[in-house]
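Written below as structure tokens is the structure these notes are about.
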Amino acid sequence: MSVLIKNGRVVTAVDDYRADVFVEGETVALIGHGLERGLEVAADRIIDATGKLLLPGGIDPHTHMELPFGGTESSDTFETGTRAAAFGGTTSIVDFAVQTRGASTIEGLDTWHAKAEGNAAIDYAFHMIVTDLPDERVPELRRLADEGVTSYKLFMAYPGVLLADDATIFRAMRKAGEDGTLVCMHAENGVVIDELVELALAAGQVEPKYHALTRPTRLEGEGVHRALAIAEVARAPVYIVHLSCHDALTELRRAQERGVMAHAETCLQYLLLDIGAYDEPGFDGAKYVMTPPLREKWNQDELWRGLQGRDLDVISSDHCPFNLREQKELGRGDFSRIPNGGPGVENRMSLIYHHGVNTGRIDVNRFVELTSTAAARIFGMFPRKGTIAVGSDADIVIFDPEREVTISRDDPHTHHMNVDYSAYEGFRVRGYPETVLSRGRVVVDKGEYVGRPGDGRFIKRGPYGGAHAAAAAANRGMPLF
Ligand code: URP
Ligand code: ZN
Ligand code: ZN
């Protein structure tokens with residue numbers, strides 16, 4: 001199958017030019033002008049992209065499909081969640097496989113492969129959530145890397161369930177440093193948070209908003225500070241996930257100033273939603289119970305500044321949906337039982353384009369970098385993913401910068417996620433994906449899904465390739481003593 005996309009405006013993290021793009025099979029074969037005339041073999045399909053942007057497919061490096069959590073499971077399967085992602089212009093996700101405490105990480109990886117294989121609409125990779133790391137399991141991390149899983153998530157939150165102690169974190173970072181892989185940190189002081197949760201519940205404060213009030217920004221800042229200090233001593237790069245507030249950003253900047261190999265992502269919800277959402281009537285505030293929680297609104301400007309100043313590298317969705325009915329309901333009368341997480345994989349590209357590019361906060365190249373290229377580099381997928389270049393996978397979004405859309409759970413054009421609400425209900429955007437190619441195949445055609453479950457393939461990732469790759473390599477194998 002070959003596709004010629006004519007007259008588009010090709011935008012990458014660094015380029016912005018008009019050209020035709022010829023896709024042959026799964027990759028970009030030619031980029032140039034007047035390709036229609038020059039092509040010896042006619043393309044199977046020609047798409048006129050006049051007036052449209054040609055963007056590298058979005059990469060969302062933080063999703064949770066079918067994640068067991070709090071006695072239930074996130075409501076999007078790999079089939080439904082990746083299809084929704086494709087509608088929204090995302091053509092690759094990095095989801096989180098989970099090691100059951102006391103069991104092998106390799107088993108966890110097998111379980112996640114079984115969930116995704118044959119079901120995904122777009123390409124997918126995995127991080128591994130490491131819940132414990134006794135000495136005998138440390139070699140598994142090398143094996144995971146050989147299998148293309150070159151990043152691990154560790155939690156400083158959820159004591160007794162997911163929390164990894166500081167020794168485990170240090171050990172994992174040392175090993176990641178040696179192997180050329182990357183530790184992703186959920187950085188919050190979960191031990192103190194659990195104390196606050198107990199105090200709130202004992203005082204009868206059970207509504208959803210107490211989820212936010214028991215997770216103060218200082219405790220995220222403390223987690224970020226600690227994670228970065230450990231990474232500094234371990235001489236390893238680190239990636240802070242879902243950074244939500246100015247306190248945490250301040251700690252990130254301080255560490256970066258002293259040369260720590262620190263990366264961080266924020267998520268669209270921290271840029272666009274705020275703590276006031278927990279005051280929605282009745283139990284509706286539960287829709288926004290996620291971790292970290294939504295913050296006071298002034299943090300949003302600080303996060304945008306962090307994106308502009310390149311302190312923050314990536315915007316992900318942390319897509320982890322639970323239905324309001326039956327799932328979030330588990331925590332009616334006790335906010336600590338509300339499953340943590342919210343939906344966003346479908347909305348990320350258009351919301352960030354609208355609130356970032358249309359408002360002038362970021363230019364269109366930075367938009368591509370934040371939603372695609374940076375994740376490809378950091379997580380070992382570049383240049384196969386994250387750009388439009390000859391030889392790269394033909395993951396291309398034909399994006400209409402003028403199309404105006406109102407996001408609503410009730411609009412079948414804007415909501416394909418398997419969840420009974422939209423966190424962005426009523427948000428208006430200008431700029432929306434029209435047609436989406438995943439590895440050369442059209443999967444969304446003028447807003448209609450034309451792909452199949454199983455189109456998506458596992459992405460075997462390479463080593464950490466972010467901005468500190470050279471420094472990380474120089475430290476590799478260097479004994480501490
Ligand atoms: O609330 C969230 N973010 N749920 C997903 C799990 C995590 O910590 O990323
Ligand atoms: Zn997390
Ligand atoms: Zn997450």
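Order of appearance sets the numbers: ligands from 1, and atoms from 1 within every ligand.
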Specify side chain, backbone, both or neither for [X], according to which of its non-hydrogen atoms lie closer than 4.0 Å to ligand 1.
X	result
Phe155	side chain
Asp318	side chain
Glu188	neither

task: Keeping the roles fixed (side chain from Thr359, backbone from Gly356), state whether a donor-acceptor pair exists under 3.5 Å.
output: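 Yes; at least one donor-acceptor contact below 3.5 Å.
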- prompt: Which value, rounded to 10°, describes the NE2(His242)-the Zn ion (ligand 2)-NZ(Lys153) angle?
  reply: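 NE2 of His242, the Zn ion (ligand 2) and NZ of Lys153 span an angle of about 120°.
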I need the nearest protein heavy-atom contact for [atom]: residue, atom name and distance, please.
atom	answer
atom 7 (C) of ligand 1	Lys153 NZ, 3.3 Å
atom 6 (C) of ligand 1	His64 NE2, 3.6 Å
atom 4 (N) of ligand 1	Asn340 O, 3.1 Å

message: With the threshold set at under 4.0 angstrom, would you say Phe69 reaches ligand 1 through any of its heavy atoms?
response: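 No, Phe69 has no heavy atoms under 4.0 Å from ligand 1.
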Which of the atoms in ligand 1, numbered in the order shown and given with their element, are less than 4.0 Å from a heavy-atom of [X]?
X	result
His62	9 (O)
Thr291	1 (O), 2 (C), 3 (N)
Met290	1 (O)
His186	8 (O)

message: Need the atom name: nearest N/O/S atom of Asp318 to the Zn ion (ligand 3).
response: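 Among the N, O or S atoms of Asp318, the one closest to the Zn ion (ligand 3) is OD1.
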query: If you check every N/O/S atom of His64, which is the one nearest the Zn ion (ligand 3)?
result: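 Sorting the N, O and S atoms of His64 by distance to the Zn ion (ligand 3) puts NE2 first.
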Just by distance, with hydrogens left out, do [X] and [Y] show a side-chain donor and acceptor under 3.5 Å apart?
X	Y	answer
Thr291	Glu188	no
His64	Asp318	yes
Glu329	Asn323	no

- request: Taking the six-membered ring of Tyr421 (Phe, Tyr or Trp), confirm whether the NZ or CZ of Arg409 is under 6.0 Å from its centre and within 45° of its axis.
  value: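 Because its charged atom misses either the 6.0 Å distance or the 45° angle limit, Arg409 does not stack over Tyr421.
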How close do [X] and [Y] get, counting heavy atoms only, and between which atoms?
X	Y	result
Met65	Trp112	O-NE1, 4.0 Å
Ala114	Asn119	O-ND2, 4.4 Å
Val364	Tyr353	CG2-CE1, 4.1 Å
Leu249	Glu302	CD2-O, 3.3 Å

- request: Return yes when at least one N/O/S atom of Phe155 is nearer than 2.8 Å to the Zn ion (ligand 2), and no when none is.
  value: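 Within the cut-off used here (under 2.8 Å), Phe155 places no N, O or S atom near the Zn ion (ligand 2).
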query: Between Tyr464 and His263, is the gap from one ring center to the other below 6.0 Å?
result: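 Ring centres of His263 and Tyr464 closer than 6.0 Å.
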- prompt: Measuring to the Zn ion (ligand 3), does Cys320 have an N/O/S atom at a distance below 2.8 Å?
  reply: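 Here the distance criterion (N, O or S atom, under 2.8 Å) is not met by Cys320, so no.
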- request: Check each of Phe155, Tyr152, Phe96, Tyr239 against His186 using the ring pair (Phe, Tyr, Trp, His ring centres under 6.0 Å) test, and report the only one that passes.
  value: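 The residue from Phe155, Tyr152, Phe96, Tyr239 that satisfies ring pair (Phe, Tyr, Trp, His ring centres under 6.0 Å) with His186 turns out to be Phe155.
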Name of whichever N/O/S atom of His186 is nearest to the Zn ion (ligand 2):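 Sorting the N, O and S atoms of His186 by distance to the Zn ion (ligand 2) puts ND1 first.
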